[in-house]
Amino acid sequence: MKKTKMLKKNYEFKNVLSKGKYYSGFCIEAFIRKNNLKNENLLGIAIGTKIAKATKRNHIKRLIRESYKNIEDSINTGYSIVFLWKKKIDIKNANYKNIKKDIEKIFDKAEILDEE
RNA sequence: UAAGUAAGUUAAAUAGUCGCUGGUAAAUUCCGAAAGGAAUUACGAGAGGAAAGUCCGGGCUCCAUAGAGCAAAGAUGCUAGAUAACGUCUAGUGAGGGUGACCUUAAGGAAAGUGCAACAGAAAAUAACCGCCUAUAAAUUAGGUAAGGGUGAAAAGGUGAGGUAAGAGCUCACCGCCAUUAUGGUGACAUAAUGGGUCAGUGUAAACCCCAUCUGGAGCAACACCUAAAUGAGAAGAUUAAGCCUGCUCGGCGCCUUCUUAUCUGCGUGGCUUGAGGUAGAUAGUGAUAUCUAUCCUAGAUAAAUGACUAUUUUAAAAGACAGAACCCGGCUUAUAGAUUUACUUAUUUC
RNA sequence: GUGCUCAUAGCUCAAAUGGAUAGAGUAACUGCCUCCUAAGCGGUAGAUGGGGGUUCAAUUCCCUCUGGGCACA
């Protein structure tokens, strides 16, 4: 298994957020952009401080990462992806199932999924 | 049984599958001359009572020399003790609250000095407006007085009796206040006795201030090391080889290479977890706590690790209360569902 | 991590050494004027961010909590 590589720098996030394409699910937004690395996907998760306090933000991050790992093998490589939480939606909706559905929807729309 | 008071405990558990962080391994594979590095496998670890707020105190590091004194600025402020230290804690004292168990309390000095006390009121600090009384007099003047009235948050000890022209600590009794002495206590202070009517300087220091005690500054993004690149400064060398000021020389700017040093940006490593440590017991102490003995090693990340799914049990509810370590400790403050233990108080009923 | 600063009417700003009833503009509602509207004139309405303390009295002084903003490394 590979590790999932994360976006780290501030300018990388800004790149993706400003130039990437926007997709939205029920409670998650995503920006997706093509990457220079051909064999790897980069994942970034950003959740604002105004949405919740640290424990709940960590919880949402973990849920997103977990559900991304389950899908990761079936995605075409060469993209960098940033997930955001929608501000208008309560934190109580943050289940594993909701997030998993959302991520599947988003990749469906973006047509990244490997058809094999 | 009901209503309370105080001090605590806990913060779901077990099994399986997938996955994460770092540690160990004379393990396996790959790279490397080596040191070592990477991957796999196995093993056993992996957030809190507040990790939070950043309100105090320390360790540690650097700057600095701060060894001593003065000034400034700031903090604290009943007593004794605990502690590395504290604005914390413990035990008490005084004051206040509660029927009570018990709770609250920044609680030195107002006779060192300064300031302030709006409005109302005669007067807000060396009191006299209306009154009362005496003499003169007749819508007044002079004197005595501080009972009564009124204002105010506060008006110069309170109540009663005597006394007086009217009154007044003017005198007396009781209460309060002040001083001295004695006794008890380490002490704050308490109790008792004696004396004091010059008891006529009211309040405010969380106003300035005085007194006593304490404080050098900055903070792990501190600080140390390594690598690469850029910029500035300095030195040396090379040679006029590109260029400008000029017709030439000197000189200046600038350029090339090397070295030193400084700054900034970015990467990595150390700092980084064995510590004023935890657990149990004994001893000393009312207690905070201290000493001794035994035993244990228990997160160390850096876009940041604890999650997801399934099953079972406990439960009123397992979709969870508040909530995520970031150098480390001691406290304080704030948030917090449910369960539960111990001691005590009051009321009612029954025996 | 450290330090500083602010919070007053729906909005923008005042006020003062602790002293009485906390003001102004604008917005809102309403009356007059007008055939109607605008403009103009008049009127109406506030938990000084929450809680506690000192004081006779607190927006002001002290403590604590909440929220916003700024700076440095």
Side-chain angles (χ1 to χ4, degrees):
Chain A
M1 276 290 288
K2 311 172 200 171
K3 284 185 187 177
T4 55
K5 292 203 171 182
M6 307 293 289
L7 288 175
K8 290 186 177 179
K9 300 298 161 196
N10 200 13
Y11 61 86
E12 295 173 349
F13 272 85
K14 282 181 181 175
N15 245 330
V16 177
L17 290 176
S18 59
K19 297 181 181 176
K21 289 187 177 179
Y22 171 79
Y23 302 95
S24 76
F26 174 64
C27 54
I28 288 178
E29 305 167 321
F31 288 84
I32 299 175
R33 197 196 179 203
K34 278 196 179 181
N35 203 353
N36 290 331
L37 308 171
K38 293 181 179 177
N39 300 324
E40 293 175 3
N41 284 336
L42 295 179
L43 176 68
I45 304 166
I47 296 164
T49 51
K50 290 187 178 180
I51 292 168
K53 293 195 173 183
T55 46
K56 287 172 187 172
R57 277 186 277 138
N58 270 336
H59 192 73
I60 292 169
K61 276 187 198 175
R62 283 169 191 154
L63 290 171
I64 291 172
R65 197 178 300 157
E66 181 67 30
S67 48
Y68 174 78
K69 273 171 199 163
N70 290 335
I71 296 183
E72 192 182 10
D73 292 333
S74 59
I75 297 174
N76 287 332
T77 54
Y79 295 93
S80 54
I81 305 163
V82 173
F83 288 108
L84 302 176
W85 184 258
K86 280 190 178 180
K87 289 182 182 178
K88 292 179 181 177
I89 293 184
D90 276 347
I91 315 152
K92 293 177 183 176
N93 292 320
N95 296 333
Y96 177 71
K97 292 178 183 175
N98 282 341
I99 289 171
K100 200 177 179 183
K101 279 182 189 175
D102 270 10
I103 287 175
E104 285 173 356
K105 268 189 189 176
I106 287 166
F107 288 145
D108 233 20
K109 284 183 188 174
E111 299 176 353
I112 291 175
L113 287 171
D114 227 347
E115 293 180 356
E116 297 171 4

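The chains referred to below are lettered A, B, ... by the order of the sequence lines, with proteins before strands, and numbering in each begins at 1.
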If we take the [atom1] atom in both [N] and [M], what is their distance in whole Å?
N: B/C259; M: B/A238; atom1: C1'; value: 15 Å
N: B/C267; M: B/A73; atom1: C1'; value: 45 Å
N: B/A305; M: B/U28; atom1: C1'; value: 27 Å
N: B/A118; M: C/G42; atom1: P; value: 38 Å
N: B/A308; M: B/A319; atom1: P; value: 10 Å
N: B/A127; M: C/U48; atom1: C1'; value: 41 Å
N: B/A304; M: B/A51; atom1: C1'; value: 16 Å
N: B/G270; M: B/A301; atom1: P; value: 8 Å

Partner lookup for [N], please. Criteria are Watson-Crick or G-U wobble with both distances under 3.5 angstrom; report none if nothing qualifies.
N: B/G234; answer: B/C259
N: C/C41; answer: C/G31
N: B/C292; answer: B/G281
N: B/A343; answer: B/U5
N: B/A192; answer: B/U181
N: B/U349; answer: none
N: B/U136; answer: none
N: C/G3; answer: C/C70

Which way is the base of [N] turned, syn or anti, if we draw the line at 90° from 0?
N: B/G49; value: syn
N: B/G143; value: anti
N: B/A128; value: anti
N: B/U273; value: syn

